**Q** 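This structure is in C-alpha cells; I'll ask about it shortly.
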Amino acid sequence: MNSYRIASIPGDGIGVDVTIEARKVLDRAAELHDFGLQWTEFDWSCERYTKTGKMMPDDGIERLSAFDGIFLGAVGFPGVPDHVSLWGLLIPVRRAFSQYVNLRPVRLLPGTTSALAGRTADELEMVIVRENSEGEYSEIGGRHNAGQPGEFVLQESVFTRVGVERIIRYAFDLARTRTGRVCSATKSNGLIHSMPYWDEIFAQVAAEYPDVKAEQCHVDALAARMVLQPDRLDVVVGSNLFGDILSDLAAAVTGGLGMAPSGNINPQGEYPSMFEAVHGSAPDIAGQGIANPVAQILAGAMMLDHLGETVAAQAITTSVERVLAKGAVLTPDLGGRASTTDLGKAIAEALG
Ligand code: NAI
Ligand code: MG
C-alpha cells in the first residue's frame with residue numbers, strides 16, 4: 001500500500017476551518033482507495049508569530065523537505081502585516097522548493113451560478129499558470145532618504161531566461177493535454193523592459209509548439225476578456241503578479257473564491273509541492289463556521305493527483321460536483337445556510 005507523508009499547515013483564520021474539512025475528505029478517499037496519508041501538523045501562523053516573532057522555526061524549510069506534500073490553509077491575520085506572513089512562510093517555501101509553477105484551475109461547477117449570468121460549465125473552464133518564483137515579487141529595492149522630503153522607494157522586478165522559459169513551456173505542455181490554446185498575459189506597452197523580454201521568450205517557445213494556438217494579450221484587456229468572453233480562454237500564462245490578480249478574477253467569475261484551488265508545483269519532483277486554496281484567511285468570517293471548504297478540498301484533490309492517486313483525486317472532484325449539483329448543503333457564499341462542517345461532511349459522505 002502506498003503511503004504519503006503530508007505536512008499540514010492550517011495557518012490562520014478560515015485556513016484552519018477549511019483544512020479540517022479537507023483532511024476528513026482526503027482521509028476518507030485514502031480509506032476507500034487503499035492508500036495511506038500520514039499527517040504531521042505544524043502550527044506555523046501569525047498566531048505563532050505574535051508569540052515567537054517567527055512565522056516558522058529557523059529550520060522550517062529543512063523540516064518540510066522530508067514530506068511528500070505540503071497542505072496549506074492560509075496565513076494572514078489583522079495585527080501582523082501581510083508582507084510578514086507572506087515573506088515569513090509562503091514565499092520562502094515556494095522558492096526553497098523551486099515550486100515555480102502556480103497552477104490555478106478554474107471552472108464553473110454544476111449547481112453553482114456564475115457572476116456572469118447565462119454562462120454554462122463548458123464555457124467557463126480555464127487554468128491560470130502563474131510564475132511562482134520571481135518576477136514582480138522580489139526583495140530587491142529599498143526605501144531611500146527615509147523621512148526626508150526626497151524620500152522614495154524602489155521595487156525591482158526580476159525576469160530570468162530560465163524562469164520565464166520554464167513557466168511558458170509548462171503552459172504549452174499543459175495546453176496539449178487540454179484544448180490546445182495558450183494566452184500569455186503581457187503589458188509590454190507599459191513595462192518596457194520586462195514584458196517585451198517575456199513576449200520574446202513566449203514567441204520562441206511558441207515556435208516549438210506549432211500544434212498549439214498561441215496568443216498574447218495585454219493584461220488589462222485580458223481581465224476584460226475574462227469577464228466578457230471567458231469561452232475564448234483556456235490556458236492563461238502570466239508572471240507572478242499578473243497570474244495572482246487574474247486568478248482571483250477568474251475565481252470571482254465562476255463560483256467565487258470559496259471554490260478555487262491552487263497548487264505550488266515543483267514539476268521535477270525534486271522537492272515537495274504545496275497545495276492550498278486561492279483564497280486567504282478571510283478574517284471577516286473567521287471563527288463563524290461558514291467558510292466554504294470546497295477550494296481547500298479541491299486543493300487536496302490536486303495534491304492526490306500530483307502524488308499519483310489520480311482515481312481518488314477524480315472521485316473527490318466528482319463528489320464535490322454531486323453535492324453542489326444537488327444543492328441541499330451549501331455554505332452562505334453559495335446561497336445556502338450550511339456550515340463549513342456540514343458541507344465538508346456531505347462531500348466526504350458522497351465519496352461512498
Ligand atoms: P481573502 O481571500 O481572505 O478574502 C476575500 C473575501 O472573500 C472575504 O470577504 C472573504 O470572506 C471571502 N472568502 C474567501 N474565502 C472564502 C471561503 N472559503 N468561503 C467564503 N468566503 C470566502 O482575502 P483578503 O481579505 O484580501 O486577505 C485576508 C488575509 O489573508 C490577509 O492577511 C492576506 O494577506 C491573507 N492571504 C493569504 C493567502 C495565502 O495564505 N495563500 C492568499 C491571500 C490572502
Ligand atoms: Mg492571490
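Every value quoted in this text rests on a predicted model; they were computed, and no experiment measured them. Both ligands and their constituent atoms are indexed starting at 1 by order of listing.
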**Q** Testing Gln99, Arg166, Arg94 one by one against Ser133 for a side chain to side chain donor-acceptor pair (under 3.5 Å), which residue passes?
**A**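 Single pass found, and it is Arg166.
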**Q** Quick one: side-chain hydrogen bond (donor to acceptor under 3.5 Å, both in side chains) pairs with a partner in residues 143-157, sequence neighbours left out?
**A**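 Counting only pairs at least two positions apart or across chains, no side-chain hydrogen bond (donor to acceptor under 3.5 Å, both in side chains) contact touches residues 143-157.
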**Q** What atoms in ligand 1 come closer than 4.0 Å to a heavy atom of Leu90?
**A**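 Here the atoms of ligand 1 in question are 39 (C), 40 (O), 41 (N).
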**Q** Is there at least one pair of N or O atoms, one from Ala74 and one from ligand 1, spaced under 3.5 Å apart?
**A**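 It does not: no N or O of Ala74 is found under 3.5 Å from an N or O of ligand 1.
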**Q** Where does Glu276 meet ligand 1, judged by heavy-atom distances below 4.0 Å: at the side chain, the backbone, both, or neither?
**A**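 For Glu276, only side-chain atoms sit under 4.0 Å from ligand 1.
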**Q** Should you measure from each heavy atom of Gly76, which atoms of ligand 1 turn up under 4.0 Å away?
**A**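 Taking each heavy atom of Gly76 in turn, ligand 1 has 32 (O) under 4.0 Å.
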**Q** Under 4.0 Å from a heavy atom of Gly258: give me the atoms of ligand 1 that qualify, with their elements.
**A**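 Atoms satisfying the 4.0 Å criterion: 17 (C), 18 (N).
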**Q** I need the atoms of ligand 1 closer than 4.0 Å to a non-hydrogen atom of Ala291, numbered in the order shown.
**A**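 Going through ligand 1 atom by atom, the ones under 4.0 Å from Ala291 are 19 (N).
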**Q** Report yes if Gly280 has an N/O atom closer than 3.5 Å to an N/O atom of ligand 1; otherwise report no.
**A**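 Yes, there is a polar N/O contact under 3.5 Å.
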**Q** Who else is in the cluster with Ile290 when I, L, V, M, F, W and Y are joined by side-chain contacts under 4.5 Å?
**A**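 Answer for Ile290: Ile14, Ile285.
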**Q** Assign the ring pair Phe67 / Phe42 to parallel, tilted or perpendicular, where the plane angle (0 to 90°) is split at 30° and 60°.
**A**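 Ring orientation, 0 to 90° scale: perpendicular.
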**Q** Quick one: closest heavy-atom pair of Pro261 and Ala295, and the distance?
**A**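 Pro261 and Ala295 have their closest heavy atoms at CB-O, 3.5 Å.
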**Q** Numbering the atoms of ligand 1 from 1, which are under 4.0 Å from a heavy atom of Ile14?
**A**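 By the 4.0 Å cutoff, the relevant atoms are 15 (N), 16 (C), 17 (C), 18 (N).
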**Q** Counting from 1, what ligand 1 atoms have a heavy atom of Leu257 closer than 4.0 Å?
**A**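 Result: 2 (O), 5 (C), 7 (O).
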